Amino acid sequence: MTEIENNEDNETSTIEATEVNQCFSCGGNTIFDPKTGTLKCPFCGNEKEIERTTANTIENDFLKALEKEDHGWDDEKRVFKCDNCGAETLLDKDKIADFCSFCGSSHISISKHHAGIKPALVVPFQISKEEAVEKFKVWIRKRYFAPTKLKKSYQLSKITGTYLPYWTFDSHTKSTFTVRVGTYYYVMETRTVHEDGKTRQVTEQVRKTRWHMENGRYSEFFDDVLVKASKNVASGLIDKIEPFHMNGLLDYKTEYLSGFLAERYSINLKEGWDDAKAIIDNGISSGIQAQVYGDIVQIVSVQTDYEETTYKHILLPLWISSFLYNNTVYRFLVNGQTGKVSGKSPISAVKIFFLIVSIIAVIGIIFLFSEFN
């Protein structure tokens, strides 16, 4: 241990967390092994089972949490801040950060920020580092529009296992609404048409809409609305590796984080609720439209009370890395639970050119064929 807290309770918690991760055989620091789901010693190979539990289903009161800032994770973690991109990473108190997992910078300093709210649940890594690298290699080989030489000349950076923070929210909603409802009806109408220099009368059925206003009430319980609590990973990349399977959530234990990093949430609880509320409001609008009878339902106004709102802080596994090609860095992510990959890669202008030429040629052939027939 390189640092001990003066507070006796904090000191005990820190020492216990460190002892849990020590190898019972050689005394080395064990790390979580995604393949076996155990704590494994990298020195002697001994493994220690982790009791997997899912008892922590307690929801935390959202309004009470806003009244008093929670520093419950300070007992185990301290915060390191990247001076380059601003990302904040959480490590055990006896560990030192050497580089930023988000931008690769080595300009890391200890932050004065609190670790914040302790997670309730975690999805442990199931994809190992070696598997993540292999899945990236498969992914890069499938980049059809990438330059051909990319597959042999890219330089892969260090790949880092990081737990990304998320919030989940529950809320009982009660809404009053006003909607504009349209109901279709049909009438026969006669109109004049001009064809080949002649005019004639045509009678046909025409659809019209009869509108009226309605007021009503709508109630729905929203369970475990999931929102990202990180600003440091592009949402577009994250969206492409989702979903995470929430049935894999287990009670948070320090053992699952041994050998991995965890990001401190950069979207706080209040901001997380704002994002969740937007998802909930969309759900309410869809529910109202489904509840009201009509061919067209246009929402005019909705007033909603959010009652018994609760939250949980959870961690989801992510492999983060990048590769260098032609002096440009391209970042990619691997879902640490499913192995799904997303990222950015260079595009070959030559391949795009030949694709466009091919499309034009096909269109030309179709046009000529239609002309002769």
Side-chain angles (χ1 to χ4, degrees), residues 17 20-21 29-35 37-39 50 52 54 56 72-82 85 87-93 95 97-103 108 111 113-129 131-132 158-168 226-235 237-238 241-269 272 311-321 331-340 342:
V20 163
N21 297 337
N29 289 327
T30 58
I31 60 175
F32 179 72
D33 182 14
K35 287 186 176 181
T38 64
L39 280 175
I50 302 173
R52 298 192 164 212
T54 54
N56 192 358
W73 216 3
D74 287 356
D75 293 349
E76 298 175 13
K77 305 291 180 182
R78 64 176 174 180
V79 183
F80 292 85
K81 182 176 181 179
C82 174
C85 72
E88 292 186 321
T89 302
L90 296 163
L91 291 174
D92 292 340
K93 290 191 173 183
K95 299 293 192 303
D98 55 359
F99 71 97
C100 176
S101 59
F102 296 97
C103 73
I108 305 295
S111 171
H113 286 169
H114 291 283
I117 299 171
K118 187 174 181 178
L121 300 167
V122 58
V123 172
F125 275 85
Q126 296 178 30
I127 301 297
S128 68
K129 179 184 291 187
E131 290 172 323
K158 183 175 181 179
I159 186 167
T160 306
T162 303
Y163 282 99
L164 209 64
Y166 280 77
W167 301 111
T168 68
L226 182 70
V227 293
K228 184 162 63 76
S230 169
K231 296 178 181 178
N232 298 305
V233 179
S235 295
L237 293 182
I238 286 289
I241 64 166
E242 290 179 343
F244 291 89
H245 302 312
M246 295 297 105
N247 57 3
L249 282 167
L250 299 172
D251 291 337
Y252 167 81
K253 294 182 179 180
T254 59
E255 293 97 317
Y256 296 127
L257 272 63
S258 184
F260 296 89
L261 301 178
E263 184 195 354
R264 182 186 185 274
Y265 49 82
S266 48
I267 296 175
N268 64 32
L269 186 62
Y311 75 93
K312 289 194 294 287
H313 176 202
I314 69 174
L315 300 178
L316 301 179
L318 192 68
W319 288 103
I320 302 176
S321 188
R331 187 159 298 281
F332 71 91
L333 309 175
V334 181
N335 186 312
Q337 182 188 37
T338 67
K340 192 173 182 181
S342 74

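From a predicted model like this one, the values you see are computed outputs, not experimental measurements. Values below: every heavy atom of this structure, side chains too, minus hydrogens, waters and symmetry copies.
In this structure, Asp33 CG and Thr38 OG1 are separated by 5.0 Å, a value rounded to the nearest 0.5 Å. Leu333 contributes atom CG, which lies 5.0 Å from atom CG of Leu318 (distance to the nearest 0.5 angstrom). To the nearest 0.5 Å, the span separating OG1 on Thr168 from OH on Tyr311 amounts to 10.5 Å. Note that the CD atom of Glu242 and the CG atom of Leu237 stand 11.0 Å from one another [nearest 0.5 Å]. One finds the CH2 atom of Trp319 at 10.0 Å from the CD1 atom of Ile127 (value rounded to the nearest 0.5 Å).
Pro119 approaches Leu315 most closely through the heavy-atom pair CG-CD1, 3.7 Å. Nearest heavy atom pair, residue Ile117 against residue His313, reads O-ND1, 2.8 Å. Minimum heavy-atom separation, Leu257 to Ala262: CD2-CB, 3.8 Å. Annotation for Pro124 and Gly248: closest pair CD-O, 3.9 Å, computed over non-hydrogen atoms. Nearest heavy-atom pair, Gly272 versus Ile267, reported as atom, atom and distance to 0.1 Å: N-CG2, 3.6 Å. Of all heavy-atom pairs spanning Ala132 and Ile159, the tightest one is CB-CD1, 3.8 Å.
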Between Phe32 and Phe125, does the ring-ring contact (aromatic ring centres under 6.0 Å, His included) criterion hold? Intermediate values first, please.
CA-CA 8 Å; Phe32 179 72; Phe125 275 85; 7.7 Å; no

For Trp167 and Tyr265: C-alpha separation, side-chain torsions, deciding distance, then whether ring-ring contact (aromatic ring centres under 6.0 Å, His included) applies.
CA-CA 9 Å; Trp167 301 111; Tyr265 49 82; 4.9 Å; yes

Could you walk me through whether Phe332 and Ser342 pass the side chain to side chain contact (heavy atoms under 4.5 Å, CB included) test, one step at a time?
CA-CA 6 Å; Phe332 71 91; Ser342 74; over 6 Å; no

Might you work through the side chain to side chain contact (heavy atoms under 4.5 Å, CB included) test for Phe260 and Thr162, ending with a clear yes or no?
CA-CA 6 Å; Phe260 296 89; Thr162 303; over 6 Å; no

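Inter-residue side-chain proximity for Arg331 and Ile320 is flagged as met; some heavy-atom pair is nearer than 4.5 Å. Residues Leu121 and Tyr252 fail the side-chain proximity criterion, which asks for heavy atoms closer than 4.5 Å. Residues Leu250 and Ile50 fail the side-chain proximity criterion, which asks for heavy atoms closer than 4.5 Å. By the 4.5 Å heavy-atom criterion applied to side chains, Phe244 and Thr338 are not counted as neighbours. Using a 4.5 Å heavy-atom cutoff, the side chains of Gln126 and Glu131 are not in contact.
Of the possible polar contacts, none joining the Thr30 side chain to the Leu39 backbone as a donor-acceptor pair under 3.5 Å is found.
In summary, the side chains of Ser230 and Glu263 do present a donor paired with an acceptor at a separation below 3.5 Å, with no hydrogens or angles considered.
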